[in-house]
Amino acid sequence: MSSLLIVEDDELLRDGLSAQLSQVGHAVTAAADGEAAQRLLEANRYDGVVLDLGLPKISGMDVLRWIRRRLPALPVLILTARDGVDDRVHGLNAGADDYLTKPFDMAELQARLGAMLRRARLPAFGGSLEVPSNTTRRLRVDATLPQAWLGDEALELTQREWALLSLLVTHAGRVVSREDVLETWQIGDPGDSAGSGAAGVASNALEVYIHRLRRKLADSGLNIRNVRGLGYMLETTQP
Ligand code: CA
């Protein structure tokens with residue numbers, strides 16, 4: 001079961017989509033405009049989004065760009081008008097994972113949605129994943145090798161850098177706490193003693209690794225943001 005957000009202003013289509021996707025076992029939330037969609041995305045975690053492009057208040061394209069900045073790894077399938085070739089192209093360029101042209105067949109929607117969710121699913125971070133961004137030098141990681149690439153270029157990473165990057169990628173768009181990183185590195189929790197002793201050293205080391213990783217991710221369209229007091233978050237840079 002996946003948790004899905006359906007964003008569609010056409011009430012009939014919205015209800016139809018919600019009913020059909022609930023029936024096959026998904027947990028479905030529906031929004032009727034772009035503003036409501038952004039509010040829901042800020043407050044909840046979803047596995048995938050079905051996004052109509054023609055929406056009131058905030059357009060689907062703007063919602064898509066917003067999602068790509070905030071939640072780089074969230075799979076998005078866009079719905080476009082039959083003759084909206086430009087919409088499709090723009091939508092895919094803006095980071096949509098797939099699209100369907102209206103009117104569409106419900107079985108096709110389910111098949112495409114299923115494929116999209118399977119591609120995005122990362123049980124214990126297995127398999128290969130590409131992080132969407134507004135550049136051709138996209139970050140791709142394969143946990144089984146393990147190896148990461150920017151575009152066609154393999155990234156040279158130390159074991160710790162790899163562990164840090166894996167953690168950030170699997171939580172893309174969400175905050176990874178310093179404690180989570182140190183735990184992955186199997187270094188003690190810095191707790192309240194950050195800045196002194198072994199914990200302080202670990203904390204400082206983390207800063208160094210974040211800095212190195214940022215440099216290695218230059219031109220990837222991705223940034224590691226320092227979320228004050230909370231940790232770090234992998235996000236796409238502004239286009
Ligand atoms: Ca519409």
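Positions are given from 1, in the same order as the sequence printed here. Only this structure's heavy atoms are used, side chains among them; waters, hydrogens and symmetry mates stay out. Just so you know, ligand 1 is whichever comes first in the structure, and atom 1 is the first atom listed for that ligand. Bear in mind the structure is a predicted one, so any value in this text is a computation, not a measurement.
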Residues 203-223 vs ring pair (Phe, Tyr, Trp, His ring centres under 6.0 Å), sequence neighbours excluded, gives Trp185-Tyr209

Looking only at atom types and distance, does a side-chain atom of Arg14 sit under 3.5 Å from a main-chain N or O of Glu8, one as donor and one as acceptor? yes

Closest Asp9 atom to the Ca ion (ligand 1) [N, O or S only]: OD1

Is there an N/O/S atom in Glu8 at a distance below 3.0 Å from the Ca ion (ligand 1)? no

Metal proximity, Leu79 vs the Ca ion (ligand 1), N/O/S cut-off 3.0 Å: no

Would you say Arg214's side chain and Ile224's backbone share a donor-acceptor pair under 3.5 angstrom? yes

Find the distance between CG (Leu4) and OG1 (Thr29) and round it off to the nearest 0.5 Å. 8.5 Å

May I ask you to check if any N/O/S atom from Asp52 comes under 3.0 Å of the Ca ion (ligand 1)? yes

